[in-house]
Number of protein chains: 2
Amino acid sequence: MSLRHAVLGLLTKGPASGYDLLKVFDVSLSNVWPATQSQLYAELGRLAEAGLVSVSAEGPRGRKEYSITGEGLAELRHWMTDVEPARVMRSDMLLRVFFLGQIDPGQARDYLRRQGEFATGQLERMEGIRDLVEKGQDDLSVYGRIALDYGLRLGQAQREWAEWAEKQIR
Amino acid sequence: MSLRHAVLGLLTKGPASGYDLLKVFDVSLSNVWPATQSQLYAELGRLAEAGLVSVSAEGPRGRKEYSITGEGLAELRHWMTDVEPARVMRSDMLLRVFFLGQIDPGQARDYLRRQGEFATGQLERMEGIRDLVEKGQDDLSVYGRIALDYGLRLGQAQREWAEWAEKQIR
DNA sequence: ATAGTCATGTAATGAGTTACATGATTGC
DNA sequence: GCAATCATGTAACTCATTACATGACTAT
């Protein structure tokens with residue numbers, strides 16, 4: 001149930017509507033925990049019902065602004081300190097590698113090259129973001145940069161792996 | 001729909017029952033595409049209905065042995081060469097990093113240290129597996145090792161990241 | 001006026017998890 | 001005889017995706 005905690009976490013930065021949160025998900029959390037519009041609105045409803053957030057203001061067009069409650073903050077901190085992260089890793093990309101013997105070696109090399117190129121593209125994109133958020137001393141920036149660095153290191157590892165793997169197939 | 005392709009891929013190595021496949025999932029595919037028993041039996045039923053696999057033998061205790069059909073092989077190859085891998089990355093672990101400012105710095109450093117330790121443990125486990133499957137020239141071994149190498153490189157990157165990240169928090 | 005954006009919600013479907021249920025066969 | 005393992009299946013529930021539906025406000 002991490003969507004719930006993603007929402008609580010974002011609300012620690014101030015009240016926001018479902019619409020606001022959706023934009024934040026799309027730009028800043030999409031690589032870590034993507035969420036769709038319908039999921040978000042449904043989750044906000046459940047959070048409000050559970051008392052972890054409350055509707056703190058209503059605006060034009062039926063806008064509802066949600067704020068995190070004390071209970072919500074407590075739940076967020078509990079999740080962060082006491083709940084072990086789930087380690088279910090599912091990779092469509094890596095699953096294919098197991099079955100590369102089913103296609104011919106040229107195609108298999110193509111596949112691995114494409115994965116390397118994809119990683120390279122991701123890296124360029126992330127480096128662009130890193131340069132944009134270079135400065136900024138607030139928590140958001142500090143921890144956002146740490147998360148971004150994770151992406152950069154993983155991207156580099158994946159690119160190097162793909163280049164190496166391509167050479168393993170003869 | 002990758003479970004479907006994972007099953008097809010495993011069946012290229014010979015006929016197997018749901019029970020057989022479950023064990024293979026548990027030992028060799030669990031880190032890439034975990035599957036539960038109920039999911040597997042249901043998927044085998046659907047695959048048989050779609051004509052991608054067929055019941056090639058029946059054994060004691062209602063055992064059904066499935067074989068991949070020509071259609072199934074074609075679908076597997078299509079998936080491998082023409083379908084772009086999905087890149088939805090969801091990380092519970094990384095999501096928490098965004099909100100590390102909500103707990104105190106000591107706890108945040110603890111969190112990152114635990115993630116580094118976890119990566120180290122995973123690495124040791126994977127190195128053990130690597131030493132076991134060192135030899136073996138069959139496709140299964142070759143591509144299995146390539147997949148394992150991916151895990152090793154990612155684990156190393158994660159360990160180094162966690163060690164670095166811990167130092168960023170003061 | 002009208003296009004763009006703000007804003008919320010519902011419905012259908014698919015994928016995955018956990019728990020329950022049942023029974024046959026094998027080895028000791 | 002009995003425990004372990006082999007073997008399949010169903011049900012309830014949660015989570016996520018895609019598509020549909022509706023309408024208010026704002027700036028030009």
Side-chain angles (χ1 to χ4, degrees), chain A residues 1-8 10 15-27 29-50 53-66 79 83-92 95, chain B residues 1-8 10 15-27 29-50 53-66 79 83-92 95:
Chain A
M1 260 206 308
S2 294
L3 173 62
R4 154 158 301 202
H5 299 101
V7 171
L8 289 173
L10 291 180
S17 68
Y19 193 84
D20 294 339
L21 291 175
L22 186 62
K23 284 183 293 185
V24 180
F25 267 93
D26 283 346
V27 302
L29 245 46
S30 62
N31 294 296
V32 166
W33 206 274
T36 61
Q37 181 255 25
S38 45
Q39 230 185 325
L40 246 180
Y41 284 110
E43 191 59 51
L44 282 167
R46 282 190 293 264
L47 281 164
E49 190 152 5
V53 304
S54 66
V55 178
S56 51
E58 304 209 18
R61 282 163 292 208
R63 179 178 215 267
K64 289 187 213 162
E65 202 170 68
Y66 292 92
W79 174 74
V83 182
E84 271 302 292
R87 315 286 185 167
V88 267
M89 138 108 157
R90 274 200 168 86
S91 170
D92 206 358
L95 180 58
Chain B
M1 260 203 310
S2 294
L3 174 63
R4 156 157 300 199
H5 300 102
V7 170
L8 289 173
L10 291 180
S17 67
Y19 193 84
D20 294 339
L21 291 175
L22 186 62
K23 284 184 294 185
V24 180
F25 267 92
D26 284 346
V27 301
L29 245 44
S30 60
N31 293 296
V32 166
W33 206 272
T36 61
Q37 181 255 27
S38 45
Q39 232 184 323
L40 245 181
Y41 284 110
E43 191 59 50
L44 281 167
R46 282 190 293 264
L47 281 164
E49 189 152 5
V53 305
S54 66
V55 178
S56 51
E58 305 209 16
R61 281 164 293 210
R63 179 180 217 268
K64 290 188 214 162
E65 203 171 66
Y66 292 92
W79 174 74
V83 182
E84 271 302 291
R87 315 286 185 166
V88 266
M89 138 107 156
R90 272 200 169 86
S91 171
D92 206 359
L95 181 58

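Protein chains get the first letters and strands the later ones, always in sequence-line order, with residue 1 at the start of each.
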Engineer: Does any non-hydrogen side-chain atom of B/N31 lie less than 4.5 Å from one of A/M89?
Structural biologist: no

Engineer: Using a 4.0 Å cut-off on heavy atoms, which residues in residues 15-26 of chain A reach DNA chain D? List them by number, or say none.
Structural biologist: none

Engineer: With a 3.5 Å cut-off and sequence neighbours excluded, list the donor-acceptor pairs that the side chains of residues 53-60 of chain A form with protein atoms.
Structural biologist:
from	atom 1	to	atom 2	distance (Å)
A/S56	OG	A/E65	O	3.1
A/S56	OG	A/S67	OG	2.7

Engineer: Within this structure, what is the NZ-to-C1' distance between A/K64 and C/dG9, rounded to whole angstrom?
Structural biologist: 9 Å

Engineer: For A/L22, which of A/T36, A/V27, A/L40 qualifies under side-chain contact (heavy atoms from CB on, under 4.5 Å)?
Structural biologist: A/L40

Engineer: Rounded off to whole Å, could you give me the CZ-to-P distance for the B/R63 and C/dT26 pair?
Structural biologist: 12 Å

Engineer: Who are the side chain to side chain donor-acceptor pair (under 3.5 Å) partners of A/D20, not counting sequence neighbours?
Structural biologist: A/S17, A/R63

Engineer: How many Å lie between CZ on A/R4 and P on D/dT14, as a whole number?
Structural biologist: 11 Å

Engineer: Using a cut-off of less than 4.0 Å, is there contact between a side-chain N or O of A/Y41 and OP1 or OP2 of C/dG9?
Structural biologist: no

Engineer: What string of B, S and - do you get for nucleotides 15-28 of chain D 5' to 3' if you count protein non-hydrogen atoms under 4.0 Å?
Structural biologist: SSBBB---BBB---

Engineer: Hey, is CD on B/E84 packed in by over 12 heavy atoms from elsewhere, all under 6.0 Å?
Structural biologist: yes

Engineer: Under a 4.5 Å cut-off applied to non-hydrogen side-chain atoms, are B/L21 and B/Y41 in contact?
Structural biologist: no

Engineer: Rounded to the nearest 0.5 Å, what separation is found between the CG atom of B/D92 and the CE atom of A/M1?
Structural biologist: 11.5 Å

Engineer: Report the residues that fulfil ring pair (Phe, Tyr, Trp, His ring centres under 6.0 Å) with A/W33, sequence neighbours left out, ordered by chain and then residue number.
Structural biologist: none

Engineer: How sharply is the helix from C/dA1-D/dT28 to C/dC28-D/dG1 bent, taking the axes over five pairs at either end and rounding to 10 degrees?
Structural biologist: 10°

Engineer: Going from CG on A/L10 to OH on A/Y66, what distance comes out if it is rounded to the nearest 0.5 angstrom?
Structural biologist: 14.5 Å

Engineer: Please report the distance, rounded to the nearest Å, between CG in A/D92 and P in C/dA15.
Structural biologist: 12 Å

Engineer: Look up atom CG in B/L44 and atom CD in B/Q39, then write down how far apart they are to the nearest 0.5 Å.
Structural biologist: 11.0 Å

Engineer: Could you tell me the separation between the CZ atom of B/R4 and the CG atom of B/L8, rounded to the nearest 0.5 Å?
Structural biologist: 7.0 Å

